[in-house]
Amino acid sequence: MKIGDLAKRTGLSTHTLRYYERIGLLPYADRDRSGQRDFDASILTWIAFLGRLKTTGMPIRDMLRYAALRDEGEATGPARRQMLENHREQVRTQIAELQECLLVLDTKIDGYAGDEQRTKENDARPTTSRKSLRSRPAGPVTH
């Protein structure tokens, strides 16, 4: 598969694919008679895996280490597993932190929903004269 086709199928730019190849995240592609890269379709699975690692925040240096171990073969299986287990713990920690942030956001959003409800309730009340509004003490607004 040519690099343009690979880019379309992965959503990565040809520039990114060449960069990944240059730094060692992708194996060097065979070249056809005209010297163009000709990637094997199996590269799609590897690129999808790299995308997951990137999405979960794995630094490129760690992805490079993993790729190097992968290239060394089956004997590095335990080391690769350990890398992924360590990264999984970091992802779990990040998810827990994001859950806490989500709770704060939900609470704040619920507060605004309460403001909207109070506004609707006040709009439904009979109107008062301007004079009676001036005589009410002004309370603090909290948000």
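Checked against side chain to side chain contact (heavy atoms under 4.5 Å, CB included), Arg80 has the following partners two or more places apart in sequence or in another chain: Tyr66, Leu69, Arg70, Thr76. Applying the side-chain hydrogen bond (donor to acceptor under 3.5 Å, both in side chains) rule to Gln82 yields the partners Asn86; only residues at least two apart in sequence or on another chain are considered. In this view, Leu105 satisfies the side chain to side chain contact (heavy atoms under 4.5 Å, CB included) rule with no residue, not counting sequence neighbours. Scanning for side chain to side chain contact (heavy atoms under 4.5 Å, CB included) contacts around Gln90 gives His87, with sequence neighbours left out. Checked against salt bridge (charged side-chain N to carboxylate O under 4.0 Å, His left out), Glu74 has no partners two or more places apart in sequence or in another chain. With sequence neighbours excluded, the residues satisfying side-chain hydrogen bond (donor to acceptor under 3.5 Å, both in side chains) with Ser13 are Thr16. Considering only residues two or more places apart in sequence or on other chains, Asp32 meets the salt bridge (charged side-chain N to carboxylate O under 4.0 Å, His left out) condition with Lys2.
In this structure, the separation between CG on Asp110 and CG on Asp106 is 6.5 Å, given to the nearest 0.5 Å. Atoms CG and CG, on Leu103 and Leu98 in that order, are 12.5 Å from each other to the nearest 0.5 Å. For the atom pair Leu26 CG and Ile43 CD1, the distance stands at 5.0 Å (nearest 0.5 Å).
Judged purely by atom type and a 3.5 angstrom limit, Asp38 uses its side chain to pair as donor or acceptor with the backbone of Met1.
Leu84 places a side-chain heavy atom less than 4.5 Å from the side chain of Leu53.
For residues 13-42, no residue pair satisfies the ring-ring contact (aromatic ring centres under 6.0 Å, His included) rule, not counting sequence neighbours. Counting only residues at least two apart or in different chains, salt bridge (charged side-chain N to carboxylate O under 4.0 Å, His left out) contacts with residues 14-27 comprise Glu21-Arg37. Applying the salt bridge (charged side-chain N to carboxylate O under 4.0 Å, His left out) definition to pairs two or more places apart or across chains, those involving residues 83-92 are Arg81-Glu85, Glu89-Arg92. Residues in residues 50-66 take part in no salt bridge (charged side-chain N to carboxylate O under 4.0 Å, His left out) pair, two or more places apart or across chains.
In the hydrophobic clustering, Ile95 connects to Val91, either directly or through intervening members, whenever side-chain heavy atoms lie under 4.5 Å apart.
By the 6.0 Å contact criterion, CG on Asp30 is open, its count of non-hydrogen atoms from other residues, nucleotides or ligands being 12 or less.
Residues Leu64 and Ile23 share a closest heavy-atom pair of CD2-O, 3.2 Å. In this structure, Ala67 and Gly24 approach most closely via the heavy-atom pair CB-O, 4.0 Å.
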